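Okay, so here's the structure we're looking at.
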Amino acid sequence: MAKAKRTLKWQRDPEGMRLRILEAAKQEFSAHGLAGARVDRIAANAGANKRMLYYHVGNKDELYLAVLEGAYDKIRSEERGLDLEHLEPPEAIRRLIEFTWGYFLRNPEFLSLLQTENLARAKHLKRSAKVKSMHSPFVEMIRTVVRRGVESGDFQVTVDPVQLYISIAALSFFYLSNSATLGVIFGRDLLAKDAKDERLAHMAGLVLAALTGRSAELFAIAKPSKPRSVVAQTA
């Protein structure tokens, strides 16, 4: 009887079950990588069984790709809510830096998934028909901000929006993904609140100085603008 009730529940809410499976899979893949992840653990943590998992998503590789696509969709969706097109260009770039930094802090599993897929030479991501289409509007949004900045005289150079975003993401990603080793090498707690605040100010100053031609010190001494709820940072 209990088994029949569970079956009826997931049949009544197939999308809810699929979302629970994907969330459990995201945690499993980020903690253990693709090779170390176990379908049995994913199913158990989702309150499902392997049959339900295969029915809703597919085999292990299909599940992993669905998690990757979901991870990219989530960050691109939140970036679209930044309203960059209605901000002055320097403030738009600052907000993008703050968001990227805050998002990586709040979603360490995203960084783990990226590391896992890069070790696989993006083998699974290459199969995705969705990911490339997610990024085109985002690239155009950055291109528009840069163009407006040049036209207004705020920015001195026109930069490739893809290169700009990679630089912003790299400044955050390398610091966070290597904080343990860097902390030992330089004798600092790089994840202490003051250290994270200093890092964010440094990144904003560095990028804005490159775009505007002004001294980084003029930007770095200013405290980061208070993020909206969507970009709130966590310790």
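We're numbering straight along the sequence, starting at 1. The structure displayed is predicted, hence computed values, not measured ones.
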So, taking the atom named [atom1] in [X] and the one named [atom2] in [Y], what distance separates them when rounded to the nearest 0.5 Å?
{"X": "Tyr165", "Y": "Leu96", "atom1": "OH", "atom2": "CG", "value": "7.0 Å"}
{"X": "Ser128", "Y": "Met134", "atom1": "OG", "atom2": "CE", "value": "6.0 Å"}
{"X": "Ile42", "Y": "Lys50", "atom1": "CD1", "atom2": "NZ", "value": "10.5 Å"}
{"X": "Leu171", "Y": "Arg199", "atom1": "CG", "atom2": "CZ", "value": "5.5 Å"}
{"X": "Phe138", "Y": "Leu82", "atom1": "CZ", "atom2": "CG", "value": "8.0 Å"}
{"X": "Arg127", "Y": "Leu65", "atom1": "CZ", "atom2": "CG", "value": "5.0 Å"}

Should [X] and [Y] count as side-chain neighbours, where that means a heavy-atom distance under 4.5 Å?
{"X": "Val131", "Y": "Glu69", "result": "yes"}
{"X": "Pro137", "Y": "Arg80", "result": "no"}
{"X": "Phe155", "Y": "Arg147", "result": "no"}

Side-chain heavy atoms nearer than 4.5 Å, only ILVMFWY residues, links allowed to pass through others: does that put [X] and [Y] together?
{"X": "Leu114", "Y": "Phe174", "value": "yes"}
{"X": "Leu125", "Y": "Leu119", "value": "no"}
{"X": "Leu206", "Y": "Leu182", "value": "yes"}
{"X": "Tyr175", "Y": "Phe186", "value": "yes"}

State whether the side chain of [X] and the backbone N or O of [Y] hold a donor-acceptor pair below 3.5 Å, judged by distance alone.
{"X": "Thr181", "Y": "Asn178", "answer": "yes"}
{"X": "Glu117", "Y": "Lys123", "answer": "yes"}
{"X": "Asn107", "Y": "Glu109", "answer": "no"}
{"X": "Arg106", "Y": "Gly102", "answer": "yes"}
{"X": "Tyr64", "Y": "Asn59", "answer": "no"}
{"X": "Lys60", "Y": "Ala37", "answer": "yes"}
{"X": "Ser179", "Y": "Leu176", "answer": "yes"}

- [ ] Take His124 and Asp61 through the side chain to side chain contact (heavy atoms under 4.5 Å, CB included) test and state the conclusion after the steps.
- [x] CA-CA 8 Å; His124 301 84; Asp61 280 353; 3.8 Å; yes

Open item on the list: Given Val146, which partner from the list Asp154, Asp160, Leu164, Val157 fulfils the side-chain contact (heavy atoms from CB on, under 4.5 Å) test?
Closed with: Leu164

Minimum heavy-atom separation for [X] and [Y], please, with both atom names.
{"X": "Ala71", "Y": "Phe110", "result": "CB-CD1, 3.8 Å"}
{"X": "Gly149", "Y": "Ser152", "result": "O-OG, 3.1 Å"}
{"X": "Ala204", "Y": "Ile97", "result": "CA-CD1, 3.8 Å"}
{"X": "Leu84", "Y": "Ala92", "result": "CD2-O, 3.4 Å"}
{"X": "Ala169", "Y": "Phe104", "result": "O-CE1, 3.7 Å"}

- [ ] With side chain to side chain contact (heavy atoms under 4.5 Å, CB included) as the test, would you mind laying out the steps for Asn49 and Leu53 before giving the verdict?
- [x] CA-CA 6 Å; Asn49 57 49; Leu53 187 149; over 6 Å; no

Task: Tyr54 side chain to Glu62 side chain, donor-acceptor N/O pair below 3.5 angstrom - done: no

Task: CA sep, side-chain torsions, deciding dist, call: Ile168, Trp101, side chain to side chain contact (heavy atoms under 4.5 Å, CB included) - done: CA-CA 9 Å; Ile168 290 171; Trp101 173 248; over 6 Å; no

Open item on the list: Counting only heavy atoms not in Arg188 (residues, nucleotides, ligands), do more than 12 fall under 6.0 Å from its CZ?
Closed with: no

Open item on the list: With a sphere of 6.0 Å drawn around CD of Glu198, does it hold more than 12 non-hydrogen atoms of other residues, nucleotides or ligands?
Closed with: no

Name every donor-acceptor pair, under 3.5 Å, that has one atom in a side chain of residues 26-36 and the other anywhere in the protein, sequence neighbours excluded.
{"from": "Lys26", "atom 1": "NZ", "to": "Glu23", "atom 2": "OE1", "distance (Å)": "3.2"}
{"from": "Gln27", "atom 1": "NE2", "to": "Glu23", "atom 2": "OE2", "distance (Å)": "2.9"}
{"from": "Glu28", "atom 1": "OE1", "to": "Arg41", "atom 2": "NE", "distance (Å)": "3.3"}
{"from": "Glu28", "atom 1": "OE2", "to": "Arg38", "atom 2": "N", "distance (Å)": "3.0"}
{"from": "Glu28", "atom 1": "OE2", "to": "Arg41", "atom 2": "NE", "distance (Å)": "2.8"}
{"from": "Glu28", "atom 1": "OE2", "to": "Arg41", "atom 2": "NH2", "distance (Å)": "2.6"}
{"from": "Ser30", "atom 1": "OG", "to": "Lys26", "atom 2": "O", "distance (Å)": "3.0"}
{"from": "Ser30", "atom 1": "OG", "to": "Gln27", "atom 2": "O", "distance (Å)": "3.1"}

Looking at residues at least two apart in the chain, or sitting in another chain, which of them share a side chain to side chain donor-acceptor pair (under 3.5 Å) with [X]?
{"X": "Lys193", "result": "Asp197"}
{"X": "Ser167", "result": "none"}
{"X": "Ser177", "result": "none"}
{"X": "Arg143", "result": "Glu140"}

- [ ] Apply side chain to side chain contact (heavy atoms under 4.5 Å, CB included) to the pair Gln115 and Phe173, showing each step before the final yes or no.
- [x] CA-CA 10 Å; Gln115 289 174 317; Phe173 184 92; 3.7 Å; yes

Open item on the list: What I want to find out is whether Arg148 reaches Glu151 closely enough, with some N-O distance under 4.0 Å, to be called a salt bridge.
Closed with: no

- [ ] Answer yes when Lys130 and Asp73 have at least one side-chain N-carboxylate O distance shorter than 4.0 Å, and no when they do not.
- [x] no

TODO: Could you list the residues that satisfy side-chain contact (heavy atoms from CB on, under 4.5 Å) with Leu19, not counting sequence neighbours?
DONE: Glu15

